[in-house]
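Take a look at the structure below.
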Amino acid sequence: MARVPAAVMKVLAHVPRAPRALARRYSTRRPLPTLELVTRPHPWTRALGLLTVVLLGAWLGLLIVGNVRAPVGPMNTTMTLRPSLTGGTKINVSPLGALTLDSHIAPVRLDVNVDQLDPERAQALVDHPERLSGLQDEVAQDVADGTRDLAVRSCVAVVTGAAALGLAVYRRPRRALAAGGMALTLLAASGGTAYATWNPESVLEPKFSGLLSSAPSLVGNARSIVTEFDIYQKELARLVTNVTKLYDATSTLPAYAPDPSTIRVLHVSDIHLNPASWKIIASLVSQYKVNVIVDSGDTMDHGTAAENGFLDPVEDLGAPYVWVRGNHDSRLTQRYLENLKNVTVLDDGKARTIAGLRFAGIGDPQFTPDRSQVAGGDAANELAGARLATALRDQRAAGTPVDVAVAHEPVAVRQTDGEVPLALAGHLHHQEMEVMRYGTRLRLEGSTGGSGLRAVEGKHPDPIQTSILYFDRDTRRLQAWDEIELGGLGLTTAEVRRHLVEENQPGATDSPSPTGSSPSASP
């Protein structure tokens, strides 16, 4: 170690030292910040993010602008490509139903919505049946033109959607162009996959839904198709041609042509102040030539005097109206209905014969909008049902047996098992039919008002449901029933399902019938 000369040490000794405070100040100053390198995301993470942007943008593009309105023969249709895990083709013929074809396997599905029948073109076909011979070629050309337009529009839609979303997320034109190019590549790959897996024989096994499920023979003789694509086009044209005929037939033929002695009962329930219900009921009364309407309660929502005017259209529905009180109907509501013409109010097990059927019913023992009263729950309804069952036994003993028992709560009418052939109820807002232990058939009706104001509470609107019940006039027993379901708020779909009672089905044995041997109901 080098030694410091003594002269230098003497000079340093005479240099004044810094004040202590200044020394502490500089000794406690924070160190200067140091620069750190920012970790860049992993390439796979960036790729996954870009793929997500591409898929979401392409889907939004297809959803917004990726559809083509094209005339197909006498039909106005909308063709759309939709993302799908299974692919295939779906032809929606509202309100008749839909056909689903396993035409291809690809991440896109072709939707063809038959929006409406063009009146002028349809009338021209009716007036000039000879034009049907050339309709197949015309429809095949319309389908080809619409498919080409759809392909071009879909390419523009996915590229625009993906590029726009990429620009919004990354704010870099190069990334946006990359997203658009990737979307176009994915669409082209999907189209190639669909072409490679195209199965024209899928028309051999179409899947029907809605009204079309009960009339596949009317839709078209698609089962005679062979594998050539040009013949597939002709069969698709025949399909459209026969749907045209089906539209024309359903607009002129009666909805149902039963035996003249059949008694038709329209069962409604849980209208909940929906004014649209009255027009629907009146239309069904006219179309099905209904003999009597049975309302199993909850026609109102709060049971106030201000709501009573809502009930006035009941007088003009075109058929007698049988009503029982629900838990949303007050005694005030019941008295108002008792004063309307054409209305029969059932309560306390009293029986009335209307349109050839004998009805008995009891009102709901609870009025739930009144919060000042403690609800009795199922126990109260079981007690009401026991009173109704006693009244039914008394009627049978007097030689005037009841054909149909009516209450609002299923808990109540379940007490009548074995005492009556058929029991009607509502309250649960869904349709159901079952034969109970001692032979009484229980029919639960859905909400004929689409649950009223409650229709907007859930994610999807509740459907409007009602039923037509067909009775033999001699035996006064239920023979068949139609379940009718209309799309809820904002929807325009319709579905009718025909059901036969078990003993009327081919090869079926007789179902159990009420014998009166059920155990007595205890309160």
Subject >> Summary of ring-ring contact (aromatic ring centres under 6.0 Å, His included) pairs that have at least one residue in residues 394-413, sequence neighbours excluded >> reply: His408-His427
Original post:
What are the two closest non-hydrogen atoms of Ala407 and Ala412, and how far apart are they?
Top reply: CB-CB, 4.1 Å
**OP:** Over all heavy atoms of both residues, which pair between Ala380 and Pro365 is shortest? Give the atoms and the distance, please.
**Re:** O-CG, 3.6 Å
**OP:** Indicate yes or no for a side-chain donor-acceptor contact from Asp472 to the backbone of Asp474 under 3.5 Å, with no hydrogens or angles considered.
**Re:** yes
**OP:** Would you mind reporting whether His328 and Thr368 have side-chain heavy atoms less than 4.5 Å apart?
**Re:** yes
Subject >> Between Thr333 and Ser330: side-chain donor-acceptor atoms closer than 3.5 Å >> reply: yes
Original post:
If every non-hydrogen atom of Ile464 is compared with every non-hydrogen atom of Gly450, which pair is closest and at what distance?
Top reply: CG1-N, 3.8 Å
Original post:
Can you find a pair of side-chain heavy atoms, one from Arg414 and one from Val411, that are under 4.5 Å apart?
Top reply: no
Original post:
Do Arg325 and Asp347 pass the salt bridge (Lys or Arg N to Asp or Glu O under 4.0 Å) test, and can you show the C-alpha distance, the side-chain angles, and the key distance before you say yes or no?
Top reply: CA-CA 8 Å; Arg325 188 177 67 252; Asp347 201 4; 3.0 Å; yes
Original post:
Under 6.0 Å from the CG atom of Leu428, do we count more than 12 heavy atoms belonging to anything else shown?
Top reply: yes
**OP:** Can you see which heavy atom on Gln479 is nearest to which on Thr475, and at what distance?
**Re:** NE2-OG1, 4.1 Å
**OP:** Taking all non-hydrogen atoms of both residues into account, name the closest pair between Pro421 and Asp403 and its distance.
**Re:** CD-O, 3.6 Å
**OP:** Tell me, please, which residues at least two apart from Glu445 pass salt bridge (Lys or Arg N to Asp or Glu O under 4.0 Å).
**Re:** Arg443
**OP:** Answer yes if the side chains of Thr400 and Gln395 hold a donor-acceptor pair under 3.5 Å, and no otherwise.
**Re:** yes
Subject >> side-chain contact (heavy atoms from CB on, under 4.5 Å) evaluation trace for Arg335 with Val345 >> reply: CA-CA 9 Å; Arg335 287 193 294 270; Val345 175; over 6 Å; no
Original post:
Can Asp482 and Arg264 be counted as an ion pair, charged N to O under 4.0 angstrom?
Top reply: no
**OP:** Could you list the residues that satisfy side chain to side chain donor-acceptor pair (under 3.5 Å) with Thr197, not counting sequence neighbours?
**Re:** none
Original post:
Does the side chain of Thr89 come within less than 4.5 Å of Arg109's, by heavy atoms?
Top reply: no
**OP:** Please report the shortest heavy-atom distance between Val402 and Ala351, naming the atom on each side.
**Re:** CG2-CB, 4.1 Å
**OP:** Scan for salt bridge (charged side-chain N to carboxylate O under 4.0 Å, His left out) pairs involving residues 306-323, sequence neighbours excluded, and state none if there are none.
**Re:** none
**OP:** Inspect the surroundings of CZ in Arg358 and state if more than 12 heavy atoms from other residues, nucleotides or ligands are less than 6.0 Å away.
**Re:** yes
**OP:** Report yes if some heavy atom in the side chain of Tyr321 is under 4.5 Å from a heavy atom in the side chain of Leu340; otherwise report no.
**Re:** no
Original post:
With Arg69, which residues qualify under salt bridge (Lys or Arg N to Asp or Glu O under 4.0 Å), at least two apart?
Top reply: Asp115
Subject >> Set of residues satisfying ring pair (Phe, Tyr, Trp, His ring centres under 6.0 Å) with respect to Phe310, sequence neighbours excluded >> reply: Trp278
Subject >> Candidate list Leu266, Leu422, Val292, test side-chain contact (heavy atoms from CB on, under 4.5 Å), partner Leu469, passing option >> reply: Leu422
